[in-house]
Every structure is written in C-alpha cells, then in structure tokens.
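As the structure is a prediction and not an experimental result, all values here were calculated from the model.
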Amino acid sequence: MYNHQTLTKVRVWDLPTRLFHWGLTIGITGLAISGTVGGNAMAWHFRFGYAVLALLLFRIVWGLVGGRWSRFGAFIYAPQSLIDYLKGKGKPEHNVGHSPVGALSVFAMLAFLVLQVGSGLVSDDEVAFAGPLTAFVSNATVSLATNYHANIGKWILLGLVVLHIAAIVFYLLRKHNLVQAMVHGDKELVLPVPASRDDLASRTAALLVFTLCAGLSYWISTLEHVAF
C-alpha cells in the first residue's frame, strides 16, 4: 500500500476524451430505451444513432491524434502482456491508462458499436423507418443488417456494457475508482509518466474534429429522407 507522498498526480484523460465517454454513455442509454419502446420513439432512436456515429468518428480520429493516453497506440498490448496481467504479473504502467484487459474491452466496445451503428444505417423495419443507406445496398444486405441490428448486435453490446460495469465495481472494491478519473481526468500514480496534453489548443482542435464528424454524420442522415 502506497502512502500519499509516494504518489504523483498525472493528467491521464483529457477533456475531449472524458466528454466523449459520457456522451457515449448517454447515447447508448438513449438508443437502448428508444429501441425498446419502439413506435414513435424510433424517431429518437435514429437521432441518438446519428449522435453516436458522430462520437465514434471523433474517437477514431482522436485515437490517432488525441492526448497521450487516449491514443490507441498507448493501449495496444501484445498477447503476452495480457496473459501476464491476467496472471497478476502486470506492470505499473498498466495502471496509467487502460490496462490490457481494459484495452481489450475498449476495442471490443468500439468495434461492436461501429458494427451496430453501421448495420442500423442499412436496416429497414418495413413499416415506417429505414436507415439512410438502404437504397445503396442490396435487399439481401438490408435483410442481413436488419436481423443483426435488431436481434444480435444489441445483445452483444448489452453484454459488453454489463461486463464494463462489473469491471468498474470490481476495481472500486479494490480501492481503484475508475469513474472518478474519468470525471476530473487525473490519476495518482506510483511512477511519474508523461501527462496527456489537455490545453486550450488541444481542446480547440478536438472541437474542430468533432464538428467535422458531426457534420459528416448529419450529411449521412440526409442521404435518404426518413419520416420522423
């Protein structure tokens, strides 16, 4: 157990990453509720879907140019690192950003969210709502995407969300509050490490990137009129 004097406070999660995280949380919650309610709520399902698409596009870009610990390169681990971590032989730097297990969870969540949103863009309920890209793919693709989106993908994502929450609770019981760090961005670490850049210039750049991503998402939404 390390006392307070041996710990160094480091900015790990920059503001754009934190806003993405909480925005995605709201978006996924909105998608789940509106999709379950159905009916007129499907109008909001589409809106939440476009918002999540914008967030995912942003995160992909920010994973390349964002803060030090938000970049994908900071939490891409070799298989042996994952094995060692699971055996309790993790390295101190594994506690800075995403651990090997946490990284696996993040990549899985992002991948299946992209698949879920992508399949939604080419889905058609054959009643009142169709994704904006259905006219650009074959009927067989629309049928396949619709089945995956409505009957498979949502359950995979639900499972990943449950695992994510379980991991947060597990670490909280071990006196490691992951949520707190995602609120204020800082972690108290045993060893000093480079901090993520989180100044006015980087935040302005993030805002520009997100604006472009939101614009792209909006443009996609206009490719085919959807009766809300």
Side-chain angles (χ1 to χ4, degrees), residues 9-32 34 43-77 93 96-99 102-122 131-133 136 157 160-161 164 178-187 189 193-226 228:
K9 181 178 288 188
V10 177
R11 173 57 50 90
V12 174
W13 305 124
D14 54 51
L15 181 61
T17 298
R18 284 178 275 148
L19 291 177
F20 160 80
H21 180 275
W22 296 115
L24 189 64
T25 300
I26 294 171
I28 292 175
T29 302
L31 282 171
S34 59
W44 281 101
H45 191 71
F46 273 84
R47 292 164 186 155
F48 278 118
Y50 296 132
V52 170
L53 174 59
L55 287 168
L56 290 174
L57 291 172
F58 167 79
R59 187 63 182 92
I60 291 172
V61 176
W62 203 242
L64 301 175
V65 301
R68 168 71 177 80
W69 301 103
S70 297
R71 295 180 186 177
F72 297 137
F75 54 94
I76 294 178
Y77 296 98
E93 54 265 32
V96 181
H98 294 299
S99 69
L104 194 62
S105 173
V106 168
F107 285 124
M109 182 71 77
L110 290 177
F112 280 104
L113 275 172
V114 168
L115 190 56
Q116 186 70 0
V117 172
S119 62
L121 294 175
V122 293
L133 303 184
F136 300 94
L157 283 174
L160 290 173
V161 168
H164 188 67
L178 299 178
V179 175
Q180 191 176 55
M182 193 56 73
V183 172
H184 53 60
D186 298 328
K187 282 188 176 183
L189 304 170
V193 296
S196 285
R197 183 178 179 181
D198 191 21
D199 54 19
L200 180 60
S202 66
R203 293 178 179 182
T204 302
L207 180 60
L208 177 60
V209 170
F210 179 74
T211 299
L212 292 174
C213 292
L216 178 57
S217 179
Y218 174 76
W219 175 74
I220 291 175
S221 75
T222 65
L223 291 179
E224 182 178 350
H225 178 68
V226 178
F228 283 161

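Side chains of Pro132 and Leu121 form a contact here, defined as non-hydrogen atoms less than 4.5 Å apart. Looking at Trp22 and Val183, their side chains come closer than 4.5 Å, going by heavy atoms from C-beta outward.
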CA sep, side-chain torsions, deciding dist, call: Trp69, Thr17, side chain to side chain contact (heavy atoms under 4.5 Å, CB included): CA-CA 10 Å; Trp69 301 103; Thr17 298; over 6 Å; no
Given side chain to side chain contact (heavy atoms under 4.5 Å, CB included), test Phe58 with Phe20 step by step and report yes or no. CA-CA 8 Å; Phe58 167 79; Phe20 160 80; 4.2 Å; yes
Show the numbers, then the answer: is there a side chain to side chain contact (heavy atoms under 4.5 Å, CB included) between Leu57 and Leu53? CA-CA 6 Å; Leu57 291 172; Leu53 174 59; 4.2 Å; yes
I'd like to know whether Met109 forms a side chain to side chain contact (heavy atoms under 4.5 Å, CB included) with Leu157, so could you lay out the CA-CA distance, the side-chain angles of the two residues, the decisive distance to 0.1 Å, and finally the verdict. CA-CA 7 Å; Met109 182 71 77; Leu157 283 174; 4.1 Å; yes
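With rounding to the nearest 0.5 Å, the separation of CG in Leu178 from NE2 in His98 is 9.5 Å. Going from atom CG of Leu24 over to atom CG of Leu110 covers 7.5 Å, rounded to the nearest 0.5 Å. A distance of 11.0 Å separates CG in Leu19 from CE in Met182, rounded to the nearest 0.5 Å. The CH2 atom of Trp219 sits 4.5 Å away from atom CG of Leu223, with the distance rounded to the nearest 0.5 Å. In this structure, the separation between CG on Leu160 and CG on Leu113 is 8.0 Å, given to the nearest 0.5 Å. Separating the OG atom in Ser99 from the CG atom in Leu104 is a distance of 9.5 Å, to the nearest 0.5 Å.
Of the possible donor and acceptor atoms, none in the side chain of Trp13 sits under 3.5 Å from a partner among the backbone N and O of Lys187. In this structure, the side chain of Ser217 engages the main chain of Tyr50 through a donor-acceptor pair within 3.5 Å.
Under the rule for a side chain to side chain donor-acceptor pair (under 3.5 Å), the partners of His45 that lie at least two apart in sequence or sit in another chain are Ser34.
Pairing each heavy atom of Asp14 with each of Ser70, the nearest pair is OD2-OG, 3.5 Å. Considering every non-hydrogen atom in both Val12 and Val96, the closest pair reads CG1-O, 3.5 Å. For His164 against Ser105, the heavy-atom pair with the smallest separation is ND1-OG, 4.1 Å.
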Listing, residues 204-214 side-chain donor-acceptor contacts under 3.5 Å, not counting sequence neighbours, or none:
from	atom 1	to	atom 2	distance (Å)
Thr204	OG1	Leu200	O	2.7
Thr211	OG1	Leu207	O	2.8

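Pairs of residues two or more places apart, or lying in two chains, that qualify as salt bridge (charged side-chain N to carboxylate O under 4.0 Å, His left out) and include a residue from residues 193-219 are Arg11-Asp198, Arg18-Asp198, Arg197-Asp199, Asp198-Arg203.
When the shell of 6.0 Å around OH of Tyr77 is examined, it contains more than 12 heavy atoms from other residues, nucleotides or ligands.
Taking the six-membered ring where tryptophan is involved, the planes of Phe72 and Phe75 are perpendicular, since the angle between them exceeds 60° and thus also 30°.
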